[in-house]
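Just so it is clear, the model here is predicted, and its values are computed rather than measured.
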Amino acid sequence: MASFRERLAEAIAAHAPTPSQPTATRSKAGPTRASASAAASEVPRSALETRGVSLPFLMDVLGQGSTLTPGQLVHGDNTTGPPDDWRAFDAAADPYSLRALTAGSLLSVVETAAAVAAEMEGDEAKELIEIDGLPLFGTPTHFVSYSWHGITCGDLLEALQSVAKGDPIPPYFWIDVFAVAQNDTPEHDLHFEGVIRATGKAVAVMHPWASPRMLTRCWCLHELGLIFEAQKPVEVALVPGVAATSFRRAIKDNFGSLLMTILASVDSQRAQATKPEDKERIFAQIEGSIGFDELNVRVITLLNEWLRKQHAEVSGTPWEQRDARSQVLDFMGRMAAIREEVKSMGLDPTIQHRADDGVLFIGGEGGIILGCTDASAYVSAQPPSDAPTHDETADTSAAPRDAPSRTTKRARCNDNGAGTAALGEAVGGDDAAAMEAEEPIPLDEHIPERLKDGRVCERYSATLVQIDITNIANKFYKLQLVECEDLYYQWVRYGRVGEAGATQMKGPWHRDEAINNYCKQFKSKSGCSWDAYASGKFVRKRGKYTPLELTK
């Protein structure tokens, strides 16, 4: 059986417009604007709230175009512009693209199919708008918010199939590429408030999970704002299969960093749109309604609750409902404090996501590390024996990495040029740099007066950090063994990054006892022996501190 797009093209060709409708003259760019507009004016528009599509329809259209992005489904995959710019369009090269199919009607796909079917009779009409007796179009039950960027039609289909699984009532999804006219889009089609109010729930497709593209797109965040204002429940959907498996692994093994990475990515005022005019109008609508700050709070609250529920399910630990809003406001306040700290250092406060290793950082390369999804640890052609693969980073194909030695990481940091670690400055120095250069390690700047004439014993000095978004923390722990007048003291300074923190001094001891106590303290905080760390074999442990240079 031919695909829906092929059947629609054949039906359009076979059933010319009625005499009252001028015939559209087709060219490479589609029908002439005047003739097409005249034809469209003769066809009554259906309400935006009625343009839902069924799951069988999606299985046909999205399944047949599974390797296309939503943008390519609309504009074709032979555009004259670059792959990520769908504003260029060639109807002759892509006759089955949604724009080409609706160029004569200037209507949405749903309306175009209904209008053509109305010109047909009996079984012929049913074959176009029904599958196995089920109408392809109907009143939407779900409003779908997703990004045209970073997802294929096949991925989108799988995510929506997972949403529909087990639903006793066949769902109808409102999806912009089918419900909105894609040629000369009328103003009416760009107002989704009524649709959202009319649907039972909304679906937010988070893909790729390591850095959801919808959180960076103006239209998606605007849709979420409208959903929040309408007080509709939101179901967060993932693409099942390998990607979902790697997500569950990250949730179980690296929850704190994953939570920080995703939540810290939300900043509606930095969202982008393909068309500058879309960004301008959407920003004006957000400012005139919910506001950027409130939108950020609600999006982060949604994600925070969803991620914590997922963690409880995967880890088997009970999920406790807390005052999510106050928790999120606390998180946002601390993020603002970190940004101000970075600004005071003269560094860029923009949050960035590094594709090769999933690290989220602020202050430029070598700045403060906010979290790490360890995304590339699961990217390979074949999964290692204890880890799945995933396709979350489209431009990444690196095999799973062993934990690099401190020497390797240090060289990598040196390649950053001016990337002096903001976190290192915030907590006071970089011990590894001095250790590898065999230079004297400086005493902590807050060392008490009585020890300022001392020196660090051999190489026993470490600055540790811990990102723990579960408790909304960004902490450091500085540990030094200080030799002064033939006696040895353990000096500790700890607290929140950006603050001086609290201090503690133990001792004095003789040398062997002091070294033994220092190594015990280091292992207690990091979960790794000092010997392993000093030999470049440090292994990170969940819930423990990590040496600063290994976070860069």
Side-chain angles (χ1 to χ4, degrees), residues 1-27 29-58 60-62 64-65 73-76 89 91-92 94-140 172-192 194-195 198:
M1 184 178 181
S3 70
F4 170 82
R5 288 188 289 161
E6 292 171 333
R7 298 199 308 274
L8 179 58
E10 292 173 2
I12 291 172
H15 296 273
T18 60
S20 62
Q21 299 170 329
T23 301
T25 303
R26 185 172 293 278
S27 66
T32 62
R33 183 181 302 272
S35 60
S37 297
S41 67
E42 299 292 330
V43 180
R45 302 296 308 274
S46 65
L48 200 61
E49 297 83 357
T50 64
R51 303 177 200 167
V53 295
S54 68
L55 190 58
F57 171 87
L58 295 177
D60 182 309
V61 179
L62 298 184
Q64 291 285 342
L73 181 68
V74 172
H75 300 275
F89 169 56
D94 290 296
Y96 298 121
S97 66
L98 302 188
R99 277 191 68 186
L101 291 172
T102 58
S105 68
L106 295 186
L107 302 175
S108 66
V109 170
V110 172
E111 293 171 293
T112 299
V116 173
E119 299 291 326
M120 303 165 69
E121 296 181 354
D123 292 341
E124 187 181 24
K126 287 184 178 181
E127 286 179 3
L128 181 62
I129 58 174
E130 292 183 6
I131 291 182
D132 296 331
L134 178 70
L136 296 184
F137 314 117
T139 301
Y172 282 84
F173 297 96
W174 194 97
I175 303 176
D176 57 354
V177 295
F178 306 119
V180 172
Q182 298 297 331
N183 292 282
D184 293 337
T185 306
E187 181 68 21
H188 168 73
D189 279 15
L190 299 178
H191 291 276
F192 306 151
V195 178

Is the shortest side-chain heavy-atom distance between Phe192 and Val180 below 4.5 Å? yes
Is there side-chain contact between Leu107 and Thr102, with at least one heavy-atom pair below 4.5 Å? no
In terms of heavy-atom contacts, Phe4 and Ala113 come closest through CZ-CB, 3.9 Å
Side-chain heavy-atom pair Asp94, His75 within 4.5 angstrom cut-off: no
Least distance between heavy atoms, Ser108 atom then Ala179 atom: CB-O, 3.4 Å
Smallest separation among heavy atoms of Gly133 and Glu130, with atom names: CA-OE1, 3.7 Å
Taking only residues at least two apart or on different chains, which pairs with a member in residues 110-138 satisfy ring-ring contact (aromatic ring centres under 6.0 Å, His included)? Phe57-Phe137
Side chain to side chain, Leu55 and Phe173, heavy atoms closer than 4.5 Å: yes
So NZ of Lys126 and CD1 of Ile131: to nearest 0.5 Å the spacing works out to 14.5 Å
Using a 4.5 Å cut-off on heavy atoms from C-beta on, say whether the side chain of Val109 contacts that of Leu101. no
Taking all non-hydrogen atoms of both residues, which atom of Ala100 and which atom of Pro95 are closest, and how far apart? CB-O, 3.5 Å
Show the nearest heavy-atom pair for residues Ala9 and Tyr96, with the distance to one decimal. CB-CE2, 3.6 Å
Mind checking whether Asp132 and Pro56 have side chains closer than 4.5 Å, heavy atoms only? no
How long is the gap from CD1 on Ile129 to OG on Ser54, to the nearest 0.5 Å? 11.5 Å
Gap between atom CG of Leu136 and atom CD of Glu127 - 0.5 Å precision: 11.5 Å
Would you mind listing every salt bridge (Lys or Arg N to Asp or Glu O under 4.0 Å) that reaches into residues 48-58, with sequence neighbours excluded? Arg51-Glu111, Arg51-Asp189
Going from CG on Leu98 to CZ on Arg5, what distance comes out if it is rounded to the nearest 0.5 angstrom? 6.5 Å
Run the numbers on Trp174 and Leu48 for side chain to side chain contact (heavy atoms under 4.5 Å, CB included), then give the verdict. CA-CA 9 Å; Trp174 194 97; Leu48 200 61; 4.0 Å; yes
At what distance, to the nearest 0.5 angstrom, does CG of Asn183 lie from OG1 of Thr112? 9.0 Å
State the CG-CD distance between Leu73 and Gln64, to the nearest 0.5 angstrom. 11.5 Å
Are Leu58 and Ile175 close enough that some pair of their side-chain heavy atoms sits under 4.5 Å apart? yes
Validation row: Ser97, Gln182 side chains within 4.5 angstrom (heavy atoms): no
Return the minimal non-hydrogen interatomic distance between Ala47 and Thr50, and the atom names on each side. O-OG1, 2.7 Å
